[in-house]
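Below is one structure; the comments refer to it alone.
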Amino acid sequence: MKEEKLRELLEALSVTEKIGQLIQVPGNMLNAEGQELGVRDELGIGEELLRNVGSTLNVVGAAQVRRVQEEYLKRSRTKIPLLFMADIIYGFRTVYPIPLALGCSFEPGLLRRLCEATAKESAAAGAHVTFSPMGDLVRDARWGRCLESTGEEPHMNAEYVKAMVEGFQKGLSEEGKGKGIASCVKHFAAYGAAEGGRDYNTVDMSERRLRQDYLPSYKAGVEAGCEMVMTSFNTVDGIPSTGNRWLMQDVLRNEWGFDGVVITDYAAIAELIAHGVAKDQKEAARLAMEAGVDIDMCTGCYANSLEQLIREGMISEEQLDEAVWRVLRLKNRLGLFEDPFRGADEALERELFLKDEFRALAREAAVKSSVLLENKEGLLPLTVKEGENRKKIALIGPYADRKDALGMWAIHGDQKAVVTIREAFEEMPGLDFSWTEGCETLLPEDYADLPSLIERGERTCWDEKKRAEEWDRAMTLSEEADVVILALGEDTIQGGEGGSRTRLTIPGDQRKLLSEVRKRASEVAVVLFAGRPLVLDEVKELADAVLLVWYPGTEGGAAIRDMLFGKSEPQGHLSMSFPRSVGQLPLYYNAFSTGRPYDGKTPNRFFSRYTDCPNTPLYPYGYGLSYHSAEYGPVQLDGSTLKRGGSITARADVTNTGYRDGVETVQLYIQDVTGSVVRPVKELKGVVKLELKAGETKQAEFTITEEMLRFYGKDMRYRAEPGLFRVGIFPDSSGVPEAEFTLE
Ligand code: GLC
């Protein structure tokens, strides 16, 4: 529809009809099947408003979307179509590895491709908007939502968010209506910095840290043209984001020029009361409106207060019109006025869901996201020899044959379609293996609500007989096998939203299983499932090999088989630091030196250190072994002075010293040695993935510019400061940059 006609439509709306457009309700209020009311069971939204709500969430499926839209439009005077939004975080029917895994690929192009594929599946299922990408930087593994983040690195997070927005929205504004889905960058802002890693907890930091580390990813999403931004549950400088005018107006809209739709997180307007900045829903609605929030997700605040606030002159009708205009314009951009059903098409669903092309992409992504943490004596890849020297393999562990390996936010995924490790092994000719689970993932002490989940029948648990049988069989298989593949990990329910943990070891009897199997087996390879960094000191000590696969998605088992037996080489490099102890958290590579940096060895307590644990992570950001091995030559700089507007090229030879071809993820780190404010001991400034044949040497080359060196200085201006810089080109973040240049 032409914008002038859209403007006329807006002007013809009553105040009630306008307010309706700013309300999002759970699907079951629109007679969608299988939809549970959210935290607000009684939203108190009257019939007239309900007939005019602007959007709904997590109603998907072409048939259901078409039915709900048809019924809605029949009852609507304005005939403004409903907007269907959903949590399509890392896949739709085809599920890819979790974002924290994808962050290990160091390949934004991969994320762009899988978001484009996801948009095709979900547009066919009638989705218009996805509540993704999540751009929250994370530094504390106690927070369950690390799962949804691409990691601890500001530069990489910005690259990934940009790529995901471009992937989701490809084709959105072109002539091909029904192509692509609108993306929603969340959770604005800094939700990942919740104190203590406890979900929904206070976030409080300097504006400098906020701008330097946490905002770049959201800004990259806005610059990539995301259609929506979601406010976060947390406070920013003492004011919850949802009512934070500085954050939403001054930064997001005025500084960054974001002109899209702002939606709250679930029930976040009403939560302004619990936060203590609003005395009731009316005041909460006013605060949100003044902060520039357009859509109220699943509360009655806007529905029951806006009309009164306008009558009392607390909110102007212009403010209301601005918000409604942005919602109508998004609907128009999606082509809903021409076709309210957009891409919803059952035949297309059948054609696209889990198609081979997407499954192949899921497998590629799992290989590029998996991280080889240990490989003592080169146990992996395993060789399946024929005849008498064929290795007997035992596959043991709760993740040996588990369909539930998609992570908490794969809510539209198809678990039945997941390839488990056992299934993948069965498909492998000549593989002589036996398998058993051995134990369950969880014990009651690992998850406080477990007993009530079992009581409510939402969770099953073994009886003593089954427990004993499984354990005994695991011990027997361990004794008989040449190699034991132990498939262990965190349980899905422990991660994701509300999944905060204070202990980060592998839960349940799994560590005991590892130590007992270790006593019996000659070789043990652990395949580790997790949604966050875990404390793996025992695993590191006891296992001969450790392959971290995160929650690897629909094709996880097949990718794991390909990697274990060498068809593919795990390419992942950690997107987040793995601690030795929970006590080290928050833990991140780009930390400040402090006035008393500890060298890790001097026996003196008067340094910034712990008396009972090293400062270093067990596995550092950027770390990942491979099946090939590599040697890095010294850094060569083509100049010692960087002039403003000029550049310096940094090069290093990288040689594949191994026996097989492989991909090396080469990382550029730069240290700004002295600044008007303290600067990190190093910062990742570039990555290149080199394909190296066995024995081959290639040169990794990076161009360093003044722009890369900018930061928020003492006066909060964003610019590079003259002085000494050091450069390193490494396989992970543990290296110390040494090659020097000076910025003029
Ligand atoms: C949840 C999450 C958010 C999600 C929204 C809608 O509480 O915080 O990430 O998109 O509600 O389900």
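These numbers come from the heavy atoms of this one structure, side chains and all, not from hydrogens, waters or symmetry mates. Just follow the structure's listing: the first ligand is 1, and inside any ligand the first atom is 1.
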Taken in chain and number order and not counting sequence neighbours, the residues that satisfy ring-ring contact (aromatic ring centres under 6.0 Å, His included) with Phe233 are Tyr191, Tyr200
Where does Arg145 meet ligand 1, judged by heavy-atom distances below 4.0 Å: at the side chain, the backbone, both, or neither? side chain
Would you mind listing which atoms of ligand 1 come within a distance below 4.0 Å of any non-hydrogen atom of [X]?
X: Phe131; answer: 10 (O)
X: Asp265; answer: 1 (C), 2 (C), 3 (C), 4 (C), 5 (C), 7 (O), 8 (O), 11 (O)
X: Tyr266; answer: 7 (O), 11 (O)

So, are [X] and [Y] salt-bridged, with charged N and O less than 4.0 Å apart?
X: Arg402; Y: Asp491; answer: yes
X: Arg326; Y: Asp294; answer: yes
X: Asp140; Y: Arg532; answer: no

Centre-to-centre under 6.0 Å for Phe92 and Trp409, is that the case here? no
Do Phe188 and Tyr218 make the cut of ring centroids closer than 6.0 angstrom? yes
Contact check, [X] vs ligand 1, heavy-atom distance below 4.0 Å:
X: Phe233; answer: yes
X: His187; answer: yes
X: Met230; answer: yes

Pairs of nitrogen or oxygen atoms closer than 3.5 Å, one from Lys186 and one from ligand 1: do any exist? yes
Note the single closest protein heavy atom to atom 6 (C) of ligand 1, along with its residue, its atom name and the distance in Å. Asp87 OD2, 3.3 Å
Check: Thr150/Asn157 side-chain N/O donor and acceptor closer than 3.5 Å: yes
